[in-house]
Each structure stands twice: as structure tokens, then as C-alpha cells.
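The block underneath contains the structure these notes are about, expressed in C-alpha cells.
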There are 2 protein chains.
Amino acid sequence: MTSPDEPVAWLSDQERAAWMAILAMTMTLPSALDAQLKRDAGINTFEYHILAALSESPTRSLQMSQLAVFAQGSLSRLSHAVGRLERSGWVRRQPSAHDGRHTEALLTPAGWDKIQQIAPGHVREVRRLLIDLLSPTQLADLGATSRLVVGTTAPESAHLLDTGLPPGI
Amino acid sequence: MTSPDEPVAWLSDQERAAWMAILAMTMTLPSALDAQLKRDAGINTFEYHILAALSESPTRSLQMSQLAVFAQGSLSRLSHAVGRLERSGWVRRQPSAHDGRHTEALLTPAGWDKIQQIAPGHVREVRRLLIDLLSPTQLADLGATSRLVVGTTAPESAHLLDTGLPPGI
DNA sequence: CATGATTGGTTGAACGTTCAAGTCACACTA
DNA sequence: TAGTGTGACTTGAACGTTCAACCAATCATG
């Protein structure tokens with residue numbers, strides 16, 4: 001709970017103004033992208049990232065635990081989401097041949113078609129809502145600042161941003 | 001759906017790197033703040049902003065529709081959330097005296113105590129996860145960039161960021 | 001001054017996420 | 001080689017959000 005010993009520095013006017021804007025951005029940008037995907041593809045952002053991650057793997061498959069890191073979600077959330085994608089016929093699951101504890105998720109041909117079909121629309125929306133609004137420098141700065149923040153909010157996935165791989169691979 | 005006429009410019013390496021980091025930030029920062037509030041105060045971010053907005057009003061009360069703008073949520077979401085806060089004894093609702101269509105939400109004494117008690121912890125977390133990591137310039141830049149993005153993702157609430165008031169007030 | 005439209009808000013069902021438990025395969029250890 | 005532990009998932013219930021009705025009060029029009 002609140003520790004009364006060390007007093008809290010409230011936000012200055014400038015800090016508050018910046019924080020309000022940042023808060024609004026972190027609330028509206030993800031949901032705007034989510035809305036586009038739901039509308040045009042019938043899936044949400046998390047499911048999109050699952051399909052995208054699988055499609056970028058050379059084998060079009062990944063272990064569930066690796067996929068969870070790439071898609072930035074808990075294993076439980078992933079398990080439910082892959083269940084839905086499986087029911088739609090875009091993903092299959094099978095126990096790993098080498099280690100019966102692992103489960104491999106793999107993109108079906110239909111899933112491959114699906115992601116190929118919807119990716120352009122999604123990228124277009126990312127451009128429209130973010131990238132095309134900013135100069136290359138602004139975008140790079142925003143990226144660098146974000147990386148800094150992620151270093152505190154989610155150190156595990158900060159590593160992913162630097163190397164493109166989960167830690168220990 | 002995807003309009004095949006105008007080809008999509010895929011992301012460059014720099015754009016992609018920035019976008020991955022920004023995405024990670026927009027996913028992890030809100031949920032980290034949410035976790036702190038749930039843990040220390042038993043409420044979520046949206047409910048926090050409801051209490052905060054009410055506490056900042058001179059009358060400690062707001063119309064539901066105004067409150068929805070300040071707390072950045074739909075009226076339906078607000079109605080459910082205020083219902084929960086009402087059950088906890090922190091908020092009350094009453095029909096407006098002037099216009100029977102309007103409902104006024106008002107902070108109870110217990111609600112006032114609650115927000116006074118939990119605000120410091122929340123601010124401390126905002127500092128820890130964001131503000132203290134950045135230089136004043138970095139923070140201001142991030143704020144300005146965010147404002148720009150919100151101008152496209154949510155033009156209505158962009159106005160709020162400039163004036164501190166909902167449009168038309 | 002009726003009546004149709006609009007505004008402000010509520011409700012309930014469907015859906016997705018979280019959380020706590022549970023299962024199963026394999027790895028250690030005595 | 002039985003027993004204990006651990007890692008990798010899966011499951012189901014609880015909870016919050018969304019979405020599509022719905023209702024009730026007021027406004028505008030003829």
C-alpha cells in the first residue's frame with residue numbers, strides 16, 4: 001500500500017500535460033488498430049500477432065512458450081487464443097516429437113493465406129495512425145524512448161526488441 | 001477489406017524496429033500501472049480515473065456523459081464501472097434536477113478518502129515506470145508526439161488534451 | 001399539443017483475459 | 001527405480017469490456 005515515509009512528488013504542469021497525452025495515446029492507438037483488424041479480418045491484435053509470428057518462422061511453426069514471448073502474452077492467454085485460431089482452421093497444435101512436454105503450434109495453408117491477405121491492411125493502418133504522422137527522427141526517438149520504458153515495465157521483452165529473439169536462444 | 005489498387009509500403013527496418021518498441025510500450029505500460037492499482041487499491045485504471053475526475057471537480061460530481069469523456073471510455077463501460085464503485089460505496093448516482101435525462105455521479109466521503117489514499121502510490125508508479133526514466137526534454141517530446149497521434153486516433157479527446165475540458169463546454 | 005426524433009443512460013448477453021488449479025512428461029535424487 | 005520436483009502447457013470460473021437492444025425524458029415539427 002502507500003508507504004507514508006517517503007513523500008510523493010506530484011506531477012508538475014508540464015509532466016502532467018505530457019502524461020495525459022501519453023496516457024491517451026496508449027489507450028487509443030492499440031484499440032484503433034484492434035478495431036481495424038476486427039472489422040476487416042475478424043480477429044484481434046493478439047491473434048494477428050500469433051499468425052504473424054508463425055508466418056515469419058522458417059518452419060511456419062513455433063513452440064507455444066516461444067510464441068507467447070513473440071506475441072507478448074501469457075501462456076494461458078495464448079492457449080485460449082490458439083484454441084480459437086484452431087477452431088477457425090488457421091493453426092494446428094501437435095505435441096513436440098522430441099519432448100512430449102512441448103507443444104508446437106503451426107500455421108495451416110489457410111492460416112498462411114489469411115495472414116498474407118490481411119497484413120497489408122494492417123500495415124496501412126499502422127502507417128496512417130502512427131508512422132506517416134511522424135518524421136523519421138520523431139519515429140526513431142519515439143522508438144528509443146519506448147525501448148527505455150519497456151526496459152522497466154517488461155525487461156524480458158526488452159531483450160526481444162534488441163535481438164529479435166527470446167532470451168536464451 | 002484490403003484494397004488491392006494502391007500497393008502498401010511495408011515497413012523499413014528502422015520503422016519496424018521503432019514500431020516493435022512502441023507496440024511493446026503501449027502494451028506493457030498500461031498493464032503495469034493497472035497491476036499496481038489492482039494490487040494496492042483493488043481497482044483498475046479506469047475506475048481510478050473515474051474517482052480522480054470526480055475528485056478534481058469543484059462539486060466532486062459530474063454528469064455521466066462528461067465523466068465518460070474525462071475518463072476516456074464509452075457510456076456503457078462507464079455505467080458498469082460506476083455501478084461497481086457505487087456498490088463499494090465510493091460513488092453515488094442521482095438524476096439531475098434540471099434535466100431528467102441526465103444522471104449525476106458524485107463522490108461520497110468514503111470515495112474522497114479512497115482517492116486521497118491511493119493517488120500517491122499511483123503517481124509514484126507513474127514516475128517509476130515513465131517520468132523518472134526520461135529527461136524533461138524527452139518527456140515533453142514524447143508528450144508532443146503522443147498528442148499528434150491522438151489527433152488521429154481520437155480527435156475528440158485531442159481537444160481535451162489542449163484545453164482540459166470536453167469540447168463545447 | 002400530439003408525435004416522431006434525439007439525447008442520455010442502462011441492461012444483459014457474448015466475448016476475451018486473468019487467475020488459480022490441474023495435468024502430464026521428463027529430470028533429478030536418494 | 002520409486003519419489004519428488006519442475007517446466008510446459010490446459011482448463012474453467014470469475015471478471016471486465018463491448019455490442020446491441022432498450023427505456024425514459026425532452027426537444028422539434030406540423
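The basis for the numbers below is simple: all heavy atoms, side chains too, and nothing from hydrogens, waters or symmetry mates. Everything numeric in this text was worked out from a predicted model, so none of it was measured.
With values rounded to the nearest 0.5 angstrom, Ile115(B) atom CD1 is found 11.5 Å from Glu47(B) atom CD. One finds the CG atom of Leu160(A) at 6.5 Å from the CD atom of Gln72(A) (value rounded to the nearest 0.5 Å). If you take CZ on Arg60(B) and OG1 on Thr108(B), they are separated by 10.0 Å, rounding to the nearest 0.5 Å. Here the CZ-OG distance, from Arg84(A) to Ser79(A), works out to 10.0 Å after rounding to the nearest 0.5 Å.
Under the side chain to side chain donor-acceptor pair (under 3.5 Å) criterion, Arg127(A) pairs with Asp132(A), Glu15(B), sequence neighbours left out. Here Phe46(B) pairs with nothing under the ring-ring contact (aromatic ring centres under 6.0 Å, His included) rule; sequence neighbours left out.
For the pairing with Ile22(B), the side chain to side chain contact (heavy atoms under 4.5 Å, CB included) check across Thr26(A), Val126(A), Leu139(A) returns one residue only, Leu139(A).
Looking at residues 95-104 of chain B, you'll see Arg101(B), His102(B), Thr103(B) sit with a heavy atom under 4.0 Å from some atom of DNA chain C. Of all the residues in residues 50-58 of chain B, not one reaches under 4.0 Å from DNA chain C with any non-hydrogen atom.
Between Tyr48(B) and His122(B), the angle of the ring planes lies from 30° to 60°, which puts this pair in the tilted group.
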Worksheet item: Should Asp162(A) and Arg147(A) be marked as a side-chain contact (heavy atoms from CB on, under 4.5 Å) after you check the CA-CA gap, both sets of side-chain angles, and the distance that decides it?
Response: CA-CA 9 Å; Asp162(A) 296 333; Arg147(A) 222 183 316 273; 3.5 Å; yes

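The separation between Met27(B) atom CE and dT17(C) atom C1' is 12 Å, rounded to whole Å. The interatomic distance linking Gln94(B) (CD) with dA25(D) (P) rounds to 16 Å, in whole Å. When rounded to the nearest whole Å, the span between CD of Gln63(A) and C1' of dG7(D) equals 11 Å. The distance from atom CG of Leu67(B) to atom C1' of dG8(C) is 13 Å, rounded to the nearest whole Å. Atom CG in Leu62(B) sits roughly 15 Å away from atom C1' in dG8(C) (whole-Å rounding).
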Side-chain polar contacts of residues 91-98 of chain A - donor-acceptor pairs under 3.5 angstrom, sequence neighbours left out - could you list them?
{"unit_1": "Arg92(A)", "atom_1": "NH2", "unit_2": "Gln94(A)", "atom_2": "OE1", "d": "2.9"}
{"unit_1": "Arg93(A)", "atom_1": "NE", "unit_2": "Glu86(A)", "atom_2": "OE1", "d": "3.2"}
{"unit_1": "Arg93(A)", "atom_1": "NH2", "unit_2": "Glu86(A)", "atom_2": "OE1", "d": "3.0"}
{"unit_1": "Gln94(A)", "atom_1": "NE2", "unit_2": "Glu104(A)", "atom_2": "OE1", "d": "3.4"}
{"unit_1": "Ser96(A)", "atom_1": "OG", "unit_2": "His98(A)", "atom_2": "N", "d": "3.2"}
{"unit_1": "Ser96(A)", "atom_1": "OG", "unit_2": "Asp99(A)", "atom_2": "N", "d": "3.4"}

Worksheet item: How does each nucleotide of nucleotides 11-16 of chain C score, in 5' to 3' order, for protein heavy atoms under 4.0 Å: base (B), sugar-phosphate only (S), or none (-)?
Response: BB---S

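Nearest-nucleotide assignment on DNA chain C puts the 5′-proximal partner with Met64(B), out of Met64(B) and Phe46(A).
No side-chain donor from either of Ser74(B) and Ser76(B) sits under 3.5 Å from a side-chain acceptor of the other.
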